[in-house]
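Just below is one structure, and these are the notes that go with it.
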Amino acid sequence: MEISAKTPVYCVIGHPVGHSLSPLMQNRAFAAAGCDGIYAAFDTADPKGAAAGIRALGIRGASVTIPHKVGIMDFLDEIDESAREIGAVNTIVNSGGKLRGCNTDGQGAVRALGENISVSGKKVLILGAGGAARAIVHALKANGADPYIANRTHEKARLLAQDLGAQAVSMDEISGGSFDIMVNTTPVGMHPYTDAMPVPESALAPGMYVMDIIYNPLCTKLLTKAEAAGCHVIDGAGMFVYQGALQFSLWTGRDAPVAQMRQVVYEHLQY
Ligand code: NAP
């Protein structure tokens with residue numbers, strides 16, 4: 001692909017972003033889809049300046065990552081309904097200088113689950129009550145699932161459940177067989193603390209679908225134990241790929257080349 005004076009530019013803004021796999025994944029997507037576009041990473045602590053820069057330079061779209069998912073909202077022209085309800089933006093679409101904020105995190109997780117099981121009507125246990133949990137619970141509700149939230153700080157689970165029309169459960173109430181699907185949204189088990197698990201093994205039951213949104217490592221202790229207990233396991237690359245695929249479609253109006261995006265992510269996460 002040749003980069004010309006007309007090549008649309010996309011980016012990720014965050015702080016830090018040096019570790020982000022989004023540039024590799026999105027540039028592979030543009031190439032695989034035969035779509036003119038390049039995607040760069042900008043490490044910035046200044047969301048207001050970043051929004052002004054996107055407008056001034058005609059950057060067509062951006063991914064927004066930690067710590068700007070909430071702060072960027074003040075500097076956009078429009079926030080779509082689901083991002084407003086989630087209270088965070090992970091995607092900016094620039095239409096002729098008008099910046100619209102969207103959130104693809106939760107739908108990305110539901111698509112990753114959807115490759116394995118339809119979430120509609122299913123009892124889904126969400127571990128954690130932070131930003132990722134909020135986006136995922138919102139998307140689960142929108143897709144007809146019945147979400148339950150368990151968190152180390154129970155009060156946060158209660159408030160999140162109340163806000164999104166879900167239910168809160170105490171960590172002590174979790175037992176294998178009560179839920180169809182479990183999703184870990186806590187960082188427990190992430191590198192370098194890979195020997196930790198967010199729930200005891202007794203919370204796992206054969207036939208359950210267990211997704212960990214951690215992708216560093218891809219195979220967390222939770223997924224290893226879940227597989228040994230006869231559960232179906234889904235790693236964190238799926239959510240990452242699908243949130244990016246949804247961004248690609250928002251920016252280009254085209255279906256994303258999901259297989260190629262997944263391949264480049266796996267190439268860089270296999271260790
Ligand atoms: P966050 O807003 O900081 O929330 C973290 C949640 O985990 C909180 O509910 C917190 O509980 C809980 N937690 C933290 N440390 C814990 C511990 N030691 N034991 C038990 N619970 C603990 O973080 P986030 O933005 O939701 O992100 C969470 C994770 O998701 C990160 O690992 C991130 O890398 C991953 N993620 C993956 C994707 C993907 O595409 N795969 C996308 C987004 C995020 P308290 O309320 O008690 O503090």
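Atoms within each ligand, like the ligands themselves, are counted from 1 in listed order. Values below: every heavy atom of this structure, side chains too, minus hydrogens, waters and symmetry copies.
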With heavy atoms only and a cut-off of under 4.0 Å, state how [X] meets ligand 1: side chain, backbone, both or neither.
X      : answer
Thr153 : both
Arg134 : neither
Ile213 : both

Using a strict 4.0 Å cut-off to heavy atoms of [X], name the atoms of ligand 1 that fall inside it.
X      : answer
Gly236 : 41 (N)
Gly128 : 9 (O)
Pro187 : 7 (O), 13 (N), 14 (C), 15 (N), 32 (O)
Ala129 : 9 (O)
Tyr215 : 39 (C), 41 (N)
Met190 : 32 (O)

Would you check if the side chain of [X] reaches a backbone N or O of [Y] as a donor-acceptor pair within less than 3.5 Å?
X      : Y      : value
Ser178 : Ser175 : yes
Gln26  : Pro23  : no
Thr7   : Ser4   : yes
Asn90  : Thr104 : yes
Ser249 : Arg254 : yes

(request) Taking all heavy atoms of Val233 and all of Leu223, pick out the closest pair and write down the distance. (result) CG1-O, 3.5 Å
(message) Could you report the tightest heavy-atom contact between Ala196 and Val188, atom names first, then the distance?
(response) CB-CG1, 3.7 Å
(message) Tell me whether the rings of Tyr148 and Phe179 are parallel (<30°), tilted (30 to 60°) or perpendicular (>60°).
(response) perpendicular
Run down the list [options] and name the one with the heavy atom closest to [atom].
atom                    : options                        : result
atom 6 (C) of ligand 1  : Gly130, Ala112, Gly238, Ala196 : Gly130
atom 29 (C) of ligand 1 : Thr65, Asp212, Thr185, Val183  : Thr185
atom 15 (N) of ligand 1 : Arg152, Lys156, Met211         : Arg152
atom 9 (O) of ligand 1  : Asn151, Val241, Asn90          : Asn151

Which protein heavy atom lies closest to [atom], and at what distance to 0.1 Å?
atom                    : result
atom 42 (C) of ligand 1 : Met239 CE, 3.5 Å
atom 19 (N) of ligand 1 : Val188 CG2, 3.3 Å
atom 25 (O) of ligand 1 : Ala132 N, 3.9 Å
atom 23 (O) of ligand 1 : Gly131 N, 4.5 Å

For [X], is the [atom1] atom crowded, meaning more than 12 foreign heavy atoms sit under 6.0 Å from it?
X      : atom1 : result
Arg111 : CZ    : no
Lys225 : NZ    : no
Glu81  : CD    : no

(request) Might you check, step by step, whether the distance between atom 3 (O) of ligand 1 and some protein heavy atom is under 4.0 Å? (result) no
(message) Before you tell me yes or no, could you show the steps for Tyr242 and Glu115 under side-chain hydrogen bond (donor to acceptor under 3.5 Å, both in side chains), namely the whole-Å CA-CA distance, both residues' side-chain angles and the distance that decides it to 0.1 Å?
(response) CA-CA 11 Å; Tyr242 276 109; Glu115 283 187 330; 2.5 Å; yes
(request) Report yes or no: does a heavy atom of Asp105 sit under 4.0 Å from some atom of ligand 1? (result) no
